[in-house]
Amino acid sequence: MARRRLIYEGKAKILYEGPEPGTIVQYFKDDATAFNAEKKAVIEGKGVLNNRLSEHFMTGLNAIGVPTHFIKRLNMREQLVKAVEVIPLEVVVRNIAAGSISKRLGIKEGTPLPRPIVEFYYKDDSLGDPMVSEDQIVAFQWATPQDLDEMVAMALRVNDFLSGMMLAVGIKLVDFKIEIGRLFEGDFQRLIVADEISPDSCRLWDIETGQKLDKDVFRQDIGDLADAYTEVATRLGVMPKKSPPTGGPTLVK
Ligand code: TMP
Ligand code: ASP
């Protein structure tokens with residue numbers, strides 16, 4: 001059997017050529033990075049959790065008519081996706097102030113925003129993914145004004161969908177990041193949600209306790225990241241509940 005061709009290795013995922021033209025196999029690693037990879041660790045099981053969670057969110061989006069690259073999950077760590085040309089922008093939607101908006105504008109973390117705010121960041125690690133304006137995006141031809149309108153509308157639909165899904169399991173969707181790609185179909189192209197949607201790219205807070213259930217747990221060293229992601233997956237019914245330990249020796253005092 002021929003070895004499959006590696007297309008790209010990123011910080012959290014590896015992309016391989018898929019079995020058919022126009023497809024890609026997306027492999028989720030256990031590697032966690034933060035602050036532009038200044039902080040790194042291997043979190044056992046993270047890749048498996050993100051593969052399942054991204055499948056769950058993308059399948060739901062496909063079902064409500066928000067097109068995504070997701071085709072099917074192949075195994076514990078891999079999913080088959082449509083090959084797209086990724087627009088070099090991170091699209092962030094914020095519902096509650098946290099992270100960089102709190103720092104930049106001095107808004108106390110946890111303050112609800114008057115309405116969802118959409119922001120764009122230029123994907124370039126050597127520059128630290130700087131925030132960019134819509135005018136800059138159009139001038140540098142990363143996207144057209146029509147693309148931008150569509151991207152904002154898509155991002156807000158994703159926000160509505162994910163917010164509802166999270167609310168139903170007692171979690172606030174504080175903010176998230178998506179990436180969008182161009183899918184070419186003959187003479188036409190359309191924009192679809194690509195990359196991943198997982199607790200690596202969202203802020204998720206428990207409604208009751210405010211407990212953080214996302215990558216901030218790793219960024220801020222405030223707990224076990226795999227436990228936090230397992231909690232999200234369990235509440236969403238994506239992973240079975242952790243069964244209490246059975247059998248085995250117990251310490252009797
Ligand atoms: P920020 O507050 O640091 O700008 O992050 C906003 C959202 O984007 C948050 O949910 C985390 C996510 N995010 C990524 O997915 N990748 C990144 O590189 C950064 C900086 C943020
Ligand atoms: N994804 C970025 C990194 O790895 C930043 C972050 O998520 O905090 O370094």
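One-based numbering, in listed order, for ligands and for the atoms of each.
- Distance from atom 9 (C) of ligand 1 to its nearest protein heavy atom, with residue and atom name: D175 OD1, 3.2 Å.
- Of the heavy atoms in S100, both backbone and side-chain atoms come closer than 4.0 Å to ligand 1.
- Crowding of Q220 atom CD: a count of heavy atoms from other residues, nucleotides or ligands under 6.0 Å exceeding 12.
- Ion pairing between a basic and an acidic side chain is recognised when a charged N comes within 4.0 Å of a carboxylate O; R235 and D206 show such pairing.
- Close approach to G99 involves these atoms of ligand 1, each under 4.0 Å from a residue heavy atom: 2 (O).
- The immediate protein surroundings of ligand 2, defined as residues with any heavy atom under 4.0 Å of it, consist of K11, T33, A34, F35, N36, A37, K215, R219.
- Residue Q141 places its CD atom among 12 or fewer non-hydrogen atoms of other residues, nucleotides or ligands, all under 6.0 Å distant.
- Taking 4.0 Å as the cut-off between side-chain N and carboxylate O, E78 and R4 count as a salt-bridged pair.
- No donor-acceptor distance shorter than 3.5 angstrom exists from the side chain of N62 to the backbone of T59, with no hydrogens or angles considered.
- With hydrogens left out, the protein atom closest to atom 15 (O) of ligand 1 is K177 CE, 3.0 Å, a heavy atom.
- For atom 11 (C) of ligand 1, the closest heavy atom belonging to the protein is R219 NH2, 3.8 Å.
- More than 12 non-hydrogen atoms from other residues, nucleotides or ligands lie less than 6.0 angstrom from CZ of R104.
- In this structure, the side chains of R73 and R52 come closer than 4.5 Å at one or more pairs of heavy atoms.
- Checking only distances, R94 does come within under 3.5 Å of ligand 1, N or O to N or O.
- Contact of the L127 side chain with the Y122 side chain is registered, since non-hydrogen atoms from C-beta on lie closer than 4.5 Å.
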D147 vs V138, test: side chain to side chain contact (heavy atoms under 4.5 Å, CB included). Steps then yes/no.
CA-CA 9 Å; D147 290 336; V138 173; over 6 Å; no
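- The nearest protein heavy atom to atom 17 (C) of ligand 1 is closer than 4.0 Å.
- Protein heavy atom in closest approach to atom 20 (C) of ligand 1: E90 OE1, 4.9 Å.
- Between E9 and K29 a salt bridge is recorded (basic side-chain N to carboxylate O distance below 4.0 Å).
- The protein non-hydrogen atom at the shortest distance from atom 5 (O) of ligand 1 is R203 NH1, 3.5 Å.
- Residue contact check: F176 has heavy atoms under 4.0 Å from atoms 10 (O) of ligand 1.
- Taking 4.0 Å as the cut-off between side-chain N and carboxylate O, D160 and R157 do not count as a salt-bridged pair.
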